Amino acid sequence: MPVFVVELGVEEIPSGYLPSLTADLSQKTAAGLARVRLSAGGIRVDGTPRRLAVWGEVAARQAPRRQTLEGPPLGVAFRDGVPTPAAEGFARRAGVAVSALGQSASGRLVADVDEPVADAAPVLAALMSEVLGSLDSPHPMRWRADDVRFVRPVRWLLALLDQEVLPVAAFGLKAGRTTYGNRTDHPAGVALADAATYEHQLRDWGVMLSSAERRQVVREQAAQLAEAVGGEADQPEVVDEVADLVEWPTVFRGRFDSEFLAVPAPILTTAMVHHQRYLPVTAGDQLLPYFIGARNGVGDALDQVVAGNERVLRARLADAAFFYDKDRHTSDAERRKRLARMTYREGLGSYDDKAGRLAAAAAVWGPRLGLDGDEQACLARAATLAKLDLVTQVVGEFPELEGVMGGVYALQAGEPPPVARAIGDQYLPRTAADPLPATRVGRALSLLDHLDDLASGAALGVTVTGSTDPFGLRRAALAVGRLLVEGGLGPVDQRALGADALLRVGAAADPPAVGAMLALVESRLRTWLGDRLPADVLDAVLAAPADWTSLASRVQMIAQLMETPTWGPVATVAKRVGRLSQGVAPAPLGGASHPEPAAAELARVLAVVEGSVAPGGWAEWPQAAASLAEPVARLFDEVMVMDPDPVIRQRRLGLVAAVSAWLSRPLEWSRVTSVPAPPDTAGGRAGGGG
């Protein structure tokens, strides 16, 4: 099979964009090749900071395909057995004789035709022009007078099919055979003679095309250099970023003055990782006075490169040490004055006001969230101090350290370790992959803080859309959801929490307002829970009256139940009694006698079930629910639930409603569509007893 390669040459792409761009190119190329009937093999897609490339084998010609064309109805195509102009026109378009036409089951003319088969070159060129022009580009730039846009300016376009140039056109460029090597070692343009030699030639020109290989090189060389000084440098996210900043990594180790180790380690590592893209070297929990970086290419005078990076880092660390020293000589009282002048949200006061709301909420919700006396005292103190580090000079220079530095300064000021730890963890989790705060005090503080953020957005009428989220409300909503679900707090009603947060920011706290705010949390929970349950069942679990602090155990219980034969009978019973008792209040079990044996037996079993399964006892719930199936079936067989006598009917419906209410504790069965609903025989046996 012929070999093709298409390479888009660009100015340096930010490392964070490369994975999504290569994934998009891969998906669209694969889908496009299938669409245009070009068989392919060994297709690879990869990228470096300066290029996106796709290459592999492709068939010399399109695969044949026969398709069925549908024409006019038979009543229009023929009159008294004679073809009309409609039939003749359809036959001409299909390229067949009228006598070769067939008819479909729906009564229309049809024609089986072979689609044209073309050589690969023009088809592939058109396809790749389309694919390149449709790539999803984050934050696109303009660099020409026309409206051409991409994540970074496009500088060259290479496209070959074996030795021939493919006429691909994209971003105002026409493809040629010229590419460029590593900017440091091979800056001049070079001509690629054959697509089959593409990856091999790029290596000769100082380009390691595989991102996985670059990561492996950085990881291995960094480990060797760190081990040589008695440490390790194992931060996968930094390795990934460094590997996508270079086309040919040459890893080096630098050193900084040991005196900087007097500065808290989070400041030093942030300066190295976030500002310089270096790997810190550690020995256990101890930071060592070394760092590891990667230069682009081989080049000469690596010692000069190391010295230059050491000078840059020394200046960074000197600034950090200066800011840290200034902060150490600033009192909490002075910080609180500055905090009172720092606006939180227009119309919602300062960050000091927000801290006041947190402290007030902590006093109310600490006991309700299940914290003991010591934990409540720590929560109250942490809420009071939580936002003070926002006005420190270190956080002003390194915003990534908000919260972290608050914990450091609190510990230095003599605050109890649980208070300092809670302050340091208050912004966790920031993403779905982040851990929760390490302590219950930290989780409670984070929950109340993120709830205040959500309520503030609601108070200001902020609407979150697919492309706009100016206050980070989606992130706050996910944090609230995760903290309730897996934080080990409560049990506590999320609706009461939401209403309280809205009231504290001066917003309406009626059920629609609370529901609108919690809907964002629910949507983030639905995404976070992913495919743990079918979509309809997950919706049903989220809609249940149980609080979200039990959501994880309920999801696990339902997922396991769905794998057993018990799921079908329980679902059938639950949906049946739910439909019949819709709008009916459950009757107290001891409030009415049931002369009918079937009704009395069902009331007895329900009483046993309610007495044997404690609130939150989800592990015992499936077996208890299954025990209701036979008594419910007997009731419907022997008793006319919808009795003409309204008193009798209400008594029987009240019992059915009580069964429905108990079965609906873990999930709202009316939302479950994956279990077929049984025939509606809710009235029981037409001539049923009593």
Side-chain angles (χ1 to χ4, degrees), residues 264-266 285 327-328 330-336 339-340 344 350-392 394-395 401-430 434-455 476 479-494 496-498 500-501 504-505 547-549:
D285 294 333
D327 286 343
R328 292 177 64 197
T330 304
S331 67
D332 280 355
E334 177 59 31
R335 287 176 187 160
R336 193 164 299 284
L339 201 66
Y344 167 59
S350 66
Y351 270 96
D352 192 43
D353 295 324
K354 179 179 175 66
R357 292 196 298 271
L358 283 180
V364 172
W365 289 101
R368 301 185 193 179
L369 291 170
L371 273 58
D372 62 29
D374 289 342
E375 289 174 325
Q376 292 173 37
C378 289
L379 175 62
R381 184 62 177 160
T384 301
L385 302 174
K387 302 304 174 183
L388 290 182
D389 72 340
L390 294 178
V391 295
T392 62
V394 168
V395 172
L401 290 176
E402 64 178 1
V404 175
M405 291 312 302
V408 170
Y409 292 143
L411 199 60
Q412 291 177 350
E415 296 292 340
V419 172
R421 188 62 186 269
I423 294 171
D425 287 351
Q426 65 181 288
Y427 296 105
L428 292 176
R430 291 180 173 87
D434 272 354
L436 296 187
T439 65
R440 282 157 49 86
V441 175
R443 290 174 215 149
L445 178 62
S446 178
L447 174 64
L448 297 176
D449 186 31
H450 286 102
L451 273 169
D452 186 83
D453 289 339
L454 282 179
V480 168
R482 285 189 59 194
L483 287 160
L484 285 173
V485 171
E486 56 179 354
L489 301 170
V492 63
D493 183 1
Q494 62 270 12
L497 266 173
D500 183 75
R504 291 186 190 282
V505 297
D547 58 86
W548 286 343
T549 54

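Please read these numbers as outputs of a predicted model, since none were measured by experiment. Note that these values count all heavy atoms, side chains included, but never hydrogens, waters or copies made by symmetry.
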Check: Pro418 and Glu375 side chains under 4.5 Å, non-hydrogen atoms: no
Closest approach of Asp372 to Asp374 (non-hydrogen atoms, all atoms of both residues): OD1-N, 3.2 Å
Distance (rounded to the nearest 0.5 Å) between Arg482 CZ and Ser446 OG: 10.0 Å
Flag if over 12 foreign heavy atoms under 6.0 Å of CZ, Arg335: yes
Whether over 12 other heavy atoms sit under 6.0 Å from Arg430 CZ: yes
Check: Leu371 and Cys378 side chains under 4.5 Å, non-hydrogen atoms: no
Smallest separation among heavy atoms of Leu401 and Pro266, with atom names: CD2-O, 3.8 Å
Short side-chain to backbone donor-acceptor contact, Asp389 and Gly406, under 3.5 Å: yes
Cationic N near anionic O, under 4.0 Å, Arg357 to Asp353: no
Any side-chain donor near an acceptor of the partner, Asp327 and Tyr409, under 3.5 Å: yes
Check: Pro416 main-chain N/O paired with Arg381 side-chain donor or acceptor under 3.5 Å: no
Polar side-chain atom of Thr384 near backbone of Ala380 as donor-acceptor pair, under 3.5 Å: yes
4.5 Å side-chain heavy-atom contact, Val441 and Val419: no
Straight-line distance of Asp449 CG to Leu428 CG, nearest 0.5 Å: 11.5 Å
Interatomic spacing from CD1 in Ile423 to CG in Leu445 - rounded to 0.5 Å: 7.5 Å
Between CG on residue Leu369 and CG on residue Leu497, distance to nearest 0.5 Å: 6.0 Å
Check: Arg440 side chain, Gly488 main-chain N or O, donor-acceptor pair, under 3.5 Å: yes
Glu402 side chain vs Leu390 backbone, donor-acceptor pair below 3.5 Å: no
Beyond-backbone contact of Asp332 with Leu388, side-chain heavy atoms, under 4.5 angstrom: yes
Leu484 side chain near Leu489 side chain, heavy-atom distance below 4.5 Å: no
For Tyr427, ring pair (Phe, Tyr, Trp, His ring centres under 6.0 Å) partners two or more places apart: none
Inter-residue atom distance Asp493.CG - Asp500.CG, 0.5 Å rounding: 12.0 Å
Distance (rounded to the nearest 0.5 Å) between Leu448 CG and Arg504 CZ: 8.5 Å
Set of residues satisfying side-chain hydrogen bond (donor to acceptor under 3.5 Å, both in side chains) with respect to Asp453, sequence neighbours excluded: Tyr344, Lys354
